[in-house]
Every structure is written in structure tokens, then in C-alpha cells.
Protein chains: 2
Amino acid sequence: MYRIDFNDFFTSAFSVDCILFGYSEGEIKALLIKRAMQPFENLWAIPGDLIYPDEDLEQAAERVLFELTGLNNIAMHQSQTFGKPNRHPQGRVITISYFALLRIEDFEVKASSWAGDVQWVSLKNMPDLAFDHNHILSSTYEMLKLKLQNEPICFDILPERFTLNEFQQLFEFAFDQAFDKANFRKKIKNIPLIAHDEKQQNVKHRPAKLFSFDMMAYAEGIEQNRYTFKM
Amino acid sequence: MYRIDFNDFFTSAFSVDCILFGYSEGEIKALLIKRAMQPFENLWAIPGDLIYPDEDLEQAAERVLFELTGLNNIAMHQSQTFGKPNRHPQGRVITISYFALLRIEDFEVKASSWAGDVQWVSLKNMPDLAFDHNHILSSTYEMLKLKLQNEPICFDILPERFTLNEFQQLFEFAFDQAFDKANFRKKIKNIPLIAHDEKQQNVKHRPAKLFSFDMMAYAEGIEQNRYTFKM
DNA sequence: TAAATTATTGTCCAAATTACAATAATTAGA
DNA sequence: TCTAATTATTGTAATTTGGACAATAATTTA
């Protein structure tokens, strides 16, 4: 096991591909780049890069995110690893897909050195992408939905204090369907939230109460095995 | 993107680690090997191997399985990828974990060239393993449970025709808890099964009816988005 | 033919889900 | 200040699901 012979394996490389999901105009979108170089020059692709030799996988994913968006402190979540021998025309490149959910309006996208153009593209209107990126994108969207239902990753994207409607809208966006307000509130009643006295500001109607995720209570519940996150 | 410079990346290698889950004596066990070489010589470890340059990931995982057990035609499922820069003392090795559920009594384990000993070890009594293998094992067990609940992978392991009790026992084994027979049958009532006239043979009591998974009906239901597998 | 054993189905009650209605709090404007 | 408009929040009733447990059915063994 692990009979490392570098001569046999030196033609391999690892990359991360980062699927950044966002929401605007009623649609789920992914941030894509237009490739500025061969192969697949001028085709749209998922942003990604090779992983540096001394770099952790998640760190590489966050670096790609930062180069494109300037955003820091956004947790990237691992989805799946894709490694068909011929998926990259220039050599063996095994790629690990990561994803994050972003609020599109929170930042301005910058074209990076390896991208000619950058754009939010609706999942419903996806062109043919470079490499096996259509496959990676759809698998990762499925993983996003699975993780949203089984891990509290929704709180990565919500502001520290949020309204229950914002909470609901996040799920509506990810699953691309509307939920009943009253029923949604019943569904989340076992997720530990802290209700604050503070209220929503600058709205033209009754302001909603602000909540935050009770990380401590959640961790304790998980620790003691008397709770599993389920949506 | 994908600026491949082999000089920068040649010290990397990929491996697969294969977690083979089995059940006997009322316990969930994983097949472990005793390492016959450095590093971590004589420590127990998850079986794994480097991925050959022209080999698909899943193919590599199935090769490791075959070398250990002689078993073919068992689907391996991808779990997660682990790649901390220093997880392998001899170089950068990113490892992709795969798992399968096996019936322990169906085969005889053979020690392979890279293993001094092979043994089924209960998850409840797990020693310190080589590398980050304790972490990989527990993450992969969680992934097994998640996938069992969200994808029809249970039918990989069940015989083509199975009794409802065998079906139930598989879940009892994976989740390490007993379920009520009547209630389990209600729960699976939306999973498309074909009921055969055939019955269980050679049992000392009323034989159970045999069922098989209706793959066609399942695929159609998924295709049309009018169904999601949920347990 | 009866006892033993397990398969299969049914029942009752509690809990969760769904659809929808009612009430509360706030803003904007008359 | 008062009222309409708007959204937040809570409630209710019907339906569906889930859990505990009982009843019945089909076999084998003696």
C-alpha cells in the first residue's frame, strides 16, 4: 500500500473546481468564467485551479473564491471528486469540487488572470461547458441540496442575525420552490435559534424579529447524539 | 486555470482508500489490514492503493476490493476526499475514500502483497489507525448512512431477490438499531418493488415472499421528478 | 394434528404535515 | 390621529405519517 514511485505518477495533478451558487431575479445561478486559454478556449467553465503542493484542499478552494470575488471567510463545502483518466486533454487531472452559496449583491466579481470573462449563469439555461463541467455542476447542485437538508450549512450564508423569512427564502432559492410560511416555521422548530429583541430595520411594513443560530446548543445536541439536523 | 506545470506538482499522488463494511455477530465491522511496511508498519489501516495513471477512480477502488476479497461486480461508492498536505509522511498524497457494504460470509479475505494481516474490526472497538484513517473511517460511516437514506444503494448488497426482512436487517445493521417490522413495511411502501410468487427456501418456518427492486419504475420516477428516494 | 416459529396485516393513538384562516405590528398617507 | 396597506406571526382543522403492539396466516417439525 502506498508504494510511492514518483516516476509512475508524476503526470498527475489535482485541482479544485469551485461552484459558486447565487440567487437573483428569481433564479439560481452559478458563477462561470470564460476560458482565456486552451483547451476549451472561449468556452464557459467552472472556476478552478490546481492545488499547490503545500495547500490544503479547502484552502485551495477558498483561494479560488477569493481571487474571483475578493470574498474571505466563506466556508467552501466539499462535494465530489472527478477523475476519469481522459477528462483533461493535457494530462491526468483529478478535480475535487467545492461549492458555496453566495449573496450575489454582496460583492463585485473580478475577472481573474485565467478568465476572460465572468458571469452568473442560470442553472436553467446552462450552455455546454468545458471539460466535464456540466456533469460536475449538476452533481454538485444535488450535493448542495443534500447538505442543506442534513447539515446546518445554511447559516454560513445567512447574516449573523436573520429573519425567519430570510431563512425560508434561502431554502426556497436552493430547492427552487415556494414553502408555506407557517409550515416552514413549524418545520424548523427543533433547530436551536436565539430570538433577539432586535427587529428588522428600514422596511416599509411590520418589521420581523431577528434570530441567530444557537451554535452552542446545536453542537451540544449533536455531541450527545440526541439530535440530528434534518430539514 | 489549469496552468499545468508538472515540475511544480510532480510530488503529488492520488490514492483510494476502501472502507469495506460488513456485519457479523451483531456488530458493524470494517475490513482492516495490518501494514507490512513503513510508514506506520504494523499498525492497522484502511486498505488502499495509489491510483494508476490510466485508471478511473472507481476502477481503482474496485481493484483494491478485488485484491483483498476476490469479489467482483460490487459497486463502490465515493465518500470524501482527504488531502491535508502532511497527512502522508512520504509526500503529498490525496486520497479519495470509497465504501461498500459486504456480506462477510460471502467470501474469504486474502492478505494482499501490501498487507501482513487482514481482519474485520468492530466499529465500536476501533484501535488507533495509521495516517488519518480513524477520521476517514468515521466520516465514511456517516456518508454510508446518508447515502443509504437518500439513494437506493441498499440494492447493491441485497441479493437480486430478497425478503422484506433481509431488506430491513440491512438498515438495522447500518444504523445499528432495531426497527419495528410492521412500521418498516409502511415506510418502504413507496419504493418500487416487484413481488414474486417465489418464496424463501429451506427455512424452518413460514417462508417469506421474495421481492426485487423495480429499477425501471424507480428510474422513471426519478426521471420525471415525481419521486425522491427517502428512507 | 398441534405446537412452534416467523411472515404479514391491522388497529389505535400520537405526532407531523398541509392548507388555509385569523390576528398583530408596523408604515404611509389622508 | 386614523385608516389602509403590508407583512409578520400564530392558530386551527383535516390529513398523513409514525410508533407500539396485537391479530392472523402460512409453514415446518414432531
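We name chains A, B, ... by the order of the sequence lines, and we start the count at 1 in each one.
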Whole angstrom is fine here: how far is it from [atom1] in [X] over to [atom2] in [N]?
X	N	atom1	atom2	result
Arg185(A)	dT17(C)	CZ	C1'	17 Å
Gln169(B)	dA7(C)	CD	C1'	12 Å
Phe184(A)	dC20(C)	CZ	C1'	19 Å
Lys230(A)	dA16(C)	NZ	C1'	16 Å
Gln177(B)	dG19(D)	CD	C1'	13 Å
Gln201(A)	dA8(D)	CD	P	15 Å
Asn202(A)	dT26(C)	CG	C1'	13 Å
Leu164(B)	dT6(C)	CG	P	17 Å

What's Lys209(B) touching, base or sugar-phosphate or nothing? Going by heavy atoms closer than 4.0 Å.
sugar-phosphate
Scan Lys187(A) against the nucleic acid and name what it touches under 4.0 Å (heavy atoms): base, sugar-phosphate only, or nothing.
nothing
N/O donor-acceptor pair, side chain [X] with base [N], under 3.5 angstrom:
X	N	value
Lys189(A)	dT17(C)	no
Arg206(B)	dA26(D)	no
Asn183(B)	dA20(D)	yes

Answer yes or no for Lys110(B) and Phe66(B): cation-pi contact, defined as NZ/CZ to six-membered ring centre under 6.0 Å and angle to ring axis within 45°.
yes
Quick check on Lys145(A): does its NZ atom have over 12 non-hydrogen neighbours (other residues, nucleotides or ligands) under 6.0 Å away?
yes
Closer to the 5' end of DNA chain C via nearest nucleotide, is it Gln200(B) or Lys186(A)?
Gln200(B)
Nearest nucleotide by nearest heavy atom, which residue falls closer to the 5' end of DNA chain C, His205(A) or Asp180(A)?
Asp180(A)
Single hit among Gln78(A), Glu62(A), His77(A) for side chain to side chain donor-acceptor pair (under 3.5 Å) with Tyr98(A):
Gln78(A)
Can you check whether Asn165(A) has a side-chain N or O nearer than 4.0 Å to OP1 or OP2 of dT7(D)?
no
Does a side-chain N or O from Lys199(A) land closer than 4.0 Å to OP1 or OP2 of dT26(C), or not?
yes
We want to know whether Ser97(A) and Asp17(A) form a side-chain donor-acceptor pair, criterion being a heavy-atom distance below 3.5 angstrom.
no
Taking the side chain as every heavy atom from C-beta outward, state whether Phe211(B) and Phe167(B) have any atom pair closer than 4.5 Å.
no
